[in-house]
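Both ligands and their constituent atoms are indexed starting at 1 by order of listing. Please read these numbers as outputs of a predicted model, since none were measured by experiment. What's counted below: heavy atoms across the whole structure, side chains too, no hydrogens, waters or symmetry copies.
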Amino acid sequence: MEQTGTENGVAAMAAHYQRFDPAAYLQYNYTPPRADFDRKDSIVPWKLACLHRAFTEGDIGGKLLVDIGTGPTLYQVLSACEVFERVVLTDFLEANRKELRRWLQGEEGCGLDWTPYMQHVCELEGRRASAWTEKAAKLRRAIAAILPIDVHRPQPVEPGALPAAGADCLVSCFCLESVSPDLAAFTRALGHIGTLLRPGGHLLLIGALEESFYLGGPGVKIPVVPLGEADVCASLNASGYTLIRLEVYTLPRDMRVGVDDVTGVFFAKAKKD
Ligand SMILES: C[S@@+](CC[C@H](N)C(=O)[O-])C[C@H]1O[C@@H](n2cnc3c(N)ncnc32)[C@H](O)[C@@H]1O
């Protein structure tokens, strides 16, 4: 009975995503005020700073990094591509994978210009903003695949799509809480993606705090599992990760722009036991 309820919840989430609009989502979340590089309290610079710090502390390394639920966005792998030779992007929706391929192949008509993002990350790395062209080339070289994924399956990607030994690092941003019908499904999904990570590998998890919905496009209200900091810590623990650090960002009032009801964002750095 309980299993059927969960299956129905997962199916309902998948149905919501059929109307996800990559261009609108990018517009809502990845333009000012949320992506204002002149403001220290803007959400995107905060996320980029967390990722930059995590990848330059010296403890994360290896060859393969997998980003889970990439969506139509690339900001989350801009620091990673300086450390990892191979970066694999994944998403549930073909529309998002198509948007990523468009950028990878340098096609016209991308939903967002990532140049200011790359310039900002170059500056975090102590380089001139103009080095962004090198970063773009490096990221394009590093992206080894763009794969379909379903975090609700015990085996989230097609068998053989990734090395059996597991990735050295996983990144996942705003995915698990916004695709899961409840906290139990969120925790299970965290366990499922853990099968893609080698023991001792790192997980960088960014997500929404106390959010109950977000807009995936005009009139596309997608439910989200409202998470507290304690839920994140407990789920990581229950799924076989040791938490290294949890950072929290509180959204300033003018960053609450009506496209969701998020109040904060967490950044977790964890290690698989
Ligand atoms: C809120 S968006 C996050 C996108 C991006 N990572 C970001 O930071 O903005 C959630 C993403 O999860 C993807 N998704 C939906 N259902 C999924 C599933 N069952 N497994 C994995 N990803 C899923 C969606 O297609 C969407 O790209």
Side-chain angles (χ1 to χ4, degrees), residues 6-31 34-35 43-44 46-48 50-51 65-80 87-101 103 111-112 114 117 146-158 161 170-182 185-186 188-196 203-209 211-217 220-227 249 259-262 265-268:
T6 302
E7 281 167 18
N8 289 343
V10 164
M13 290 305 301
H16 282 293
Y17 274 96
Q18 295 317 308
R19 293 174 58 221
F20 184 89
D21 175 342
Y25 176 76
L26 288 168
Q27 206 56 37
Y28 297 158
N29 293 288
Y30 296 101
T31 60
R34 292 192 167 186
I43 177 171
V44 165
W46 182 83
K47 289 191 280 184
L48 293 176
C50 288
L51 289 161
L65 176 140
V66 180
D67 181 41
I68 307 291
T70 304
T73 69
L74 289 161
Y75 71 92
Q76 65 272 37
V77 290
L78 295 178
S79 292
V87 171
V88 171
L89 308 179
T90 66
D91 202 76
F92 183 69
L93 293 179
E94 168 57 16
N96 285 333
R97 298 193 300 269
K98 190 172 169 190
E99 174 67 24
L100 297 170
R101 284 197 298 272
W103 181 83
L112 196 78
W114 294 102
Y117 285 70
I146 300 172
L147 301 176
I149 189 164
D150 183 350
V151 298
H152 297 306
R153 292 179 189 266
Q155 201 169 40
V157 298
E158 202 179 305
L170 297 183
V171 172
S172 188
C173 305
F174 302 98
C175 176
L176 305 187
E177 72 280 16
S178 51
V179 308
S180 300
D182 51 37
F186 170 89
R188 261 196 308 277
L190 205 47
H192 295 159
I193 66 168
T195 62
L196 306 177
L203 168 70
L204 302 180
L205 191 67
I206 297 185
L209 288 171
E211 185 179 49
S212 72
F213 80 92
Y214 79 98
L215 295 184
V220 183
K221 200 169 175 180
I222 300 182
V224 178
V225 184
L227 294 176
Y249 166 91
V259 297
D260 53 41
D261 62 351
V262 68
V265 176
F266 68 89
F267 171 85

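- Side-chain N or O atoms of S180 include none that pairs as donor or acceptor with a backbone N or O of E177 at under 3.5 Å.
- Judged by a 6.0 Å distance limit and a 45° cone about the ring axis, K47 is positioned over the six-membered ring of Y75.
- Proximity of a side-chain donor or acceptor of T70 to a complementary backbone N or O of L89 within less than 3.5 Å is not detected.
- Judged by distance alone, the side chains of Q76 and T73 do bring a donor and an acceptor atom under 3.5 Å apart.
- Ion pairing between a basic and an acidic side chain is recognised when a charged N comes within 4.0 Å of a carboxylate O; D91 and K98 show no such pairing.
- Among protein residues, Y17, Y25, Y30, G69, T70, G71, T73, Y75, Q76, D91, F92, L93, N96, I149, D150, V151, H152, C173, F174, C175, S178, V179, Y214 come within 4.0 Å of ligand 1, judged on heavy atoms.
- By the salt bridge (charged side-chain N to carboxylate O under 4.0 Å, His left out) test, D150 pairs with R153, sequence neighbours left out.
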